[in-house]
Amino acid sequence: MLSSTALIWTIVIAAVCWLIAIGQLRALYRSVGDSSAQRRWSVAQGKITASRLGVAPTHPSGLDPAEAGAVMRYRYRVGGKDYEGDGFQIGGKIRAGGLIAKALIKKYPEGRDVDVYYDPADPARSALDKKDSVTRPTIVVFVILFTAIAGILTAHAIAGKMIMMPNGLPMFVLGLPSAALLVAAGAFVAYFNQRRDFKASASWPAIPGKIVSSDIIEDIERSRDDDGHETESTTYRPDIRFAYHVGDAYYTADTWKVGGIVGSGSPKYAQGVVARYPAGRGVKVYYNPASPDVAVLDPANRDGAALPLIFGLAFGLAGVLFMWLFTHGHWVNAATRT
């Protein structure tokens, strides 16, 4: 039986997991709504008026630089009226911190001209980027994972004892291999979605466009070992932004290839891409006729296409192995009898 202290902690942790799962469900709901919003939002020219690392006065860390996040504001004009915004992505304000915040500051320095996406029904609602920072499959994985953990802990609390498997291991240890299998499933979904996009983009029509900006983003990560020695690693990735017209509509995009852009420890790859697409150059833009805001410059590029598959296989094999060990391992029975 669980002691009173253990029972209380089980209930508390279960409640926290339920709250996280509900929060992820709300995020999933908002993501669906944001996707529909992306299709109707218009674009206007704007300028970054503030771009720095900072900490909100209400942040518990006070002014700790290690906790600094992106503080960014921009100004734009719609229908002869000036607006100011601080939203980075549709559906929310800038909340990035750490390395992501530093990358945002480099991408959007103060004074830079930018495209601002706004809601035609309410131009005060705006964002700099239309894409979600977290993909829908990732949210689904978190919902399933935390719901499973919350369900197991709730069952422990109701039973008043730790529910054990026949081999003597507590049921909650299955959470580790289950999480690995969920990650693998998400990676496989991403891989096959990418393959679908590769196939579809091969038949997209081409129209003339122009490179708006062409930069190399440096992501610097610093870490300390147990002896206090600091190490620094830098990854480089190309950031290509282009503009094009479909009918009377004006679009911009930064998806120069199908699939994600993977950083490299060497700047050579990013330098090659930037040299291929310098700012101001005219280019062919291949766009999706069903969603003209989706476009690429190089539909045949397959760099990094196998990474989700490799990632999924690694986590899938690990998940299957540990699931078998935790459910069929006879060494567990031997250990519990001694």
Side-chain angles (χ1 to χ4, degrees), residues 34-35 37-54 68-97 99-134 208-219 236-246 248-257 260-261 270 273-274 277-283 285 287 291-297:
D34 293 344
S35 295
Q38 292 175 13
R39 299 187 183 96
R40 66 173 186 270
W41 280 36
S42 301
V43 64
Q45 296 300 300
K47 183 183 287 290
I48 300 294
T49 58
S51 180
R52 60 184 175 83
L53 292 175
V71 177
M72 193 177 301
R73 296 194 69 82
Y74 51 87
R75 187 174 291 115
Y76 59 103
R77 176 179 285 264
V78 177
K81 183 178 179 181
D82 289 328
Y83 294 90
E84 191 168 339
D86 61 357
F88 172 57
Q89 290 170 326
I90 292 178
K93 298 182 183 300
I94 295 173
R95 292 289 185 266
L99 293 176
I100 297 177
K102 294 178 181 178
L104 285 175
I105 298 303
K106 288 182 179 180
K107 184 175 182 179
Y108 298 108
E110 188 170 333
R112 179 172 183 175
D113 294 326
V114 292
D115 293 320
V116 178
Y117 298 94
Y118 67 92
D119 186 350
D122 182 10
R125 295 182 61 203
S126 62
L128 295 177
D129 198 329
K130 296 199 299 182
K131 297 188 297 296
D132 295 331
S133 59
V134 181
K210 186 176 182 179
I211 302 296
V212 176
S213 63
S214 180
D215 302 297
I216 296 176
I217 301 296
E218 298 181 14
D219 295 324
Y236 305 85
R237 54 187 174 85
D239 181 44
I240 310 298
R241 196 171 188 85
F242 55 94
Y244 58 101
H245 285 85
V246 178
D248 295 330
Y250 172 80
Y251 298 96
T252 63
D254 60 2
T255 49
W256 64 274
K257 61 179 286 291
I261 309 299
V273 176
V274 168
Y277 300 112
R281 169 174 287 184
V283 290
V285 176
Y287 72 96
S291 300
D293 60 322
V294 178
V296 296
L297 300 178

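Keep in mind that the numbers below use all heavy atoms, side chains included, and drop hydrogens, waters and symmetry copies. Positions are given from 1 along the sequence.
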- Query: If you round to the nearest 0.5 Å, how far is OH of Y251 from CZ of F242?
  - Reply: 13.0 Å
- Message: I need the Y287 OH to L297 CG distance, nearest 0.5 Å.
- Response: 15.0 Å
Quick one: closest heavy-atom pair of [X] and [Y], and the distance?
X    : Y    : answer
A44  : Y118 : CB-CE2, 3.7 Å
L128 : M72  : CD1-SD, 3.8 Å
Y277 : I211 : O-CG2, 3.7 Å
Y250 : A243 : OH-CB, 3.4 Å
P120 : P123 : O-CD, 4.0 Å
Y108 : I48  : O-CG2, 3.8 Å

- Message: Is there a side-chain contact (heavy atoms from CB on, under 4.5 Å) between D86 and R73? Walk through the geometry before answering.
- Response: CA-CA 5 Å; D86 61 357; R73 296 194 69 82; 3.6 Å; yes
- Task: For the residue pair I240 and D254, establish whether any side-chain heavy-atom pair is separated by less than 4.5 Å.
- Result: no
- Message: Within a 6.0 Å radius of atom CZ on R112, are there more than 12 heavy atoms belonging to other residues, nucleotides or ligands?
- Response: yes
- Query: Residues two or more places apart in sequence or in another chain: which of them pass side-chain hydrogen bond (donor to acceptor under 3.5 Å, both in side chains) with D115?
  - Reply: Q45, T252
- Query: Listed by chain and number, what are the side-chain hydrogen bond (donor to acceptor under 3.5 Å, both in side chains) partners of S51, not counting sequence neighbours?
  - Reply: none
- Task: Apply salt bridge (charged side-chain N to carboxylate O under 4.0 Å, His left out) to D82 and list each qualifying residue two or more places apart in sequence or on a separate chain.
- Result: R77
- Query: Quick check: does any side chain N or O of K47 sit under 3.5 Å from a backbone N or O of G111, one acting as donor and the other as acceptor?
  - Reply: yes
- Query: Where the side chain of T255 meets the backbone of A295, is there a donor-acceptor pair that is under 3.5 Å apart?
  - Reply: yes
- Query: Aromatic rings Y76 and Y83: how do their planes relate, parallel, tilted or perpendicular, breaks at 30° and 60°?
  - Reply: parallel
